[in-house]
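For the numbers below, each heavy atom of this structure counts, side chains included, while hydrogens, waters and symmetry mates do not. In the text below, chain A, chain B and the rest are named by the order of the sequence lines, each starting its count at 1. These numbers come from a predicted model, not from an experiment.
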Amino acid sequence: MKIGKHHLSKIEDYLWEIPKSFHKNMLVPARVLAHEPILDDIIGDRSLVQLVNVASLPGIQGASWVMPDVHEGYGFPIGGVAATSHPDGAISPGGIGYDINCGVRLLTSTIMLEEVKDKIEALSKEMYAQIPSGMGKGGFLHLTHKEMEDVLSLGAKWAIDKGYGNIKDLAFIENNGHLPDADPSKVSERAKSRGLDQLGTIGSGNHFVEVDYVDEIYEPEVAEAFGLKKGQLVVLIHTGSRGLGHQIATDHIKIMMTAMEKYGIRVPDRELTCVPFSSLEGQNYYKAMCAAANYAWANRQVITWEARKAWANIFGKDHGQLKLMYDVAHNMAKLETHNVDGKPHALIVHRKGATRAFGPGFSELPESYNLLGQPVIIPGSMGTSSYILIGTSKSHDLTFGSCCHGAGRRLSRTASKKQVNAPQLKEQLKERGIYVQAGSFKGIAEEAPIAYKDVNLVVETVSDAGIAKKVAKLRPVAVVKG
DNA sequence: ATGTGC
């Protein structure tokens with residue numbers, strides 16, 4: 001199957017549809033949120049074919065969606081949202097991603113860039129020294145088996161109980177950094193052992209810890225509630241559940257590949273492997289997925305502690321702790337209720353490279369954000385802008401309360417490596433006042449700005465679609481990568 | 001994304 005622009009019918013400037021009639025397997029239409037220039041980036045890879053494949057997922061409701069940062073992934077596109085009927089619709093690991101609960105958190109500081117410009121290079125080195133990074137790398141923690149069980153059950157709270165953070169941090173994490181449905185007994189010994197030494201580490205690929213300054217404010221009242229001021233330094237942390245989550249995905253994908261048949265499920269691509277959520281295999285995966293999510297939140301919490309330590313080492317303790325603004329997951333399935341055909345419907349919302357973007361009035365949000373909406377954090381590529389947005393009520397009507405998660409790749413890792421001279425890029429960024437500390441030039445080449453879509457256009461799309469509003473724009477000054 | 005592949 002090949003899908004071109006002519007298969008897409010334009011509904012709005014920012015919304016395109018492939019109707020259900022396009023293919024007999026489709027149970028719902030396929031929808032693309034993107035301003036026209038972005039479509040050219042999207043059509044080059046398999047993401048639209050994958051989007052159409054997802055429309056055949058058993059129990060899928062409403063539409064198969066992709067956000068403007070879409071690109072191809074394992075089975076499902078990255079940047080996709082698929083909501084299936086709870087409890088008998090499908091749960092599919094490919095709709096969540098190998099890096100379960102990959103996500104981003106933002107910390108705000110009390111320091112203005114202008115005050116400390118001459119200390120940024122030292123800060124970047126100190127961050128790199130304090131925060132372990134790189135493929136397969138471990139950190140300073142070496143969990144016992146009992147501690148692993150507790151991390152998987154308790155999430156971010158485990159880290160805070162151990163002294164890696166403040167109890168007040170918890171309110172500013174999606175789900176308070178804890179999914180109670182986690183069951184460590186559904187996580188293989190192999191997955192657990194891969195996770196023992198990796199808590200508090202960022203890994204490689206697009207994962208990073210970055211220092212940014214607030215470059216622009218679009219919504220002053222919201223920015224104030226979020227603790228954002230023009231010129232202020234903030235810290236962005238992007239990572240997930242490391243080898244543990246990857247192993248959980250691998251284990252359960254393998255189980256589902258054989259289990260699928262007994263439930264009479266056929267999918268157009270074996271990578272869409274899935275089982276009914278209510279089945280034994282579905283429940284086992286879901287409980288293991290929740291455990292991986294808890295591990296990822298504990299991971300971002302320990303990294304926060306490391307970042308705070310580096311901060312204090314450079315700026316002194318009188319600058320206080322970096323404050324957690326919010327932590328959002330962008331690789332996860334969540335049990336949520338949304339309207340389908342005008343009626344509330346219990347759903348399993350798969351978000352893969354898509355961020356929850358709830359509007360105002362959700363009791364789970366921190367009290368100070370409750371009347372406003374949920375913060376949405378959109379990291380750009382290395383050396384470009386990142387954005388802080390806020391979710392809206394319209395996201396519930398349109399995309400099951402979801403938004404994009406980043407700029408989105410436009411070149412494969414290999415294509416990017418061919419085009420980019422990494423040492424030169426590192427120097428160019430330094431000349432622009434962006435200090436990159438990376439474990440490998442390969443990582444820099446794969447993550448070069450040219451490998452990504454224009455984040456401004458991506459954000460413009462979701463903002464014009466009305467599923468999130470721009471609050472602030474950030475620009476990087478220091479980047480730590482694997 | 002990932003001790004880059006069964």
A/Ile100 side chain reached by A/Asn331 side chain, heavy atoms, under 4.5 Å: no
All salt bridge (charged side-chain N to carboxylate O under 4.0 Å, His left out) counterparts of A/Glu447, not counting sequence neighbours: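 Result, salt bridge (charged side-chain N to carboxylate O under 4.0 Å, His left out) vs A/Glu447: A/Arg409, A/Arg413.
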Contacts of type salt bridge (charged side-chain N to carboxylate O under 4.0 Å, His left out), residue A/Lys426, not counting sequence neighbours: none
Ring geometry between A/Phe76 and A/His350 (parallel below 30°, tilted from 30 to 60°, perpendicular above 60°): parallel
Sugar-phosphate, base or nothing in reach of A/Arg409, heavy atoms under 4.0 Å: nothing
Sugar-phosphate, base or nothing in reach of A/Gly205, heavy atoms under 4.0 Å: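 Touches sugar-phosphate only.
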Identify every side-chain donor-acceptor pair in residues 475-482 of chain A under 3.5 Å, counting partners at least two apart or on other chains, and give the distances.
unit_1   : atom_1 : unit_2   : atom_2 : d
A/Arg475 : NE     : A/Asp215 : OD2    : 2.9
A/Lys481 : NZ     : A/Gly205 : O      : 3.3
A/Lys481 : NZ     : A/His207 : O      : 3.4

Distance test, side-chain N/O of A/Ser204 to OP1/OP2 of B/dT2, below 4.0 Å: yes
Distance check needed: [N] [atom2] versus [X] [atom1], whole Å only.
{"X": "A/Ile253", "N": "B/dC6", "atom1": "CD1", "atom2": "P", "result": "12 Å"}
{"X": "A/Arg190", "N": "B/dT2", "atom1": "CZ", "atom2": "C1'", "result": "12 Å"}
{"X": "A/Arg242", "N": "B/dT2", "atom1": "CZ", "atom2": "P", "result": "5 Å"}
{"X": "A/His246", "N": "B/dG5", "atom1": "NE2", "atom2": "P", "result": "7 Å"}
{"X": "A/Met135", "N": "B/dG5", "atom1": "CE", "atom2": "C1'", "result": "12 Å"}
{"X": "A/Asn299", "N": "B/dT2", "atom1": "CG", "atom2": "P", "result": "10 Å"}
{"X": "A/Asp197", "N": "B/dT2", "atom1": "CG", "atom2": "C1'", "result": "16 Å"}
{"X": "A/Tyr98", "N": "B/dT4", "atom1": "OH", "atom2": "C1'", "result": "12 Å"}

Sorted by number, the residues of residues 441-448 of chain A with heavy-atom contact under 4.0 Å to DNA chain B: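 Result for residues 441-448 of chain A: A/Lys442, A/Glu447, sorted by number.
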Donor-acceptor pairs are to be reported for all side-chain atoms of residues 47-56 of chain A against protein atoms at under 3.5 Å, with residues two or more places apart or in another chain.
unit_1  : atom_1 : unit_2  : atom_2 : d
A/Ser47 : OG     : A/Ile42 : O      : 3.4
A/Ser47 : OG     : A/Asp45 : OD1    : 2.5
A/Gln50 : OE1    : A/Gly73 : N      : 3.1
A/Gln50 : NE2    : A/Gly73 : O      : 2.8
A/Ser56 : OG     : A/Asn53 : O      : 2.6

A/Thr461: side-chain hydrogen bond (donor to acceptor under 3.5 Å, both in side chains) partners, not counting sequence neighbours: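 So A/Thr461 forms no side-chain hydrogen bond (donor to acceptor under 3.5 Å, both in side chains) with any residue.
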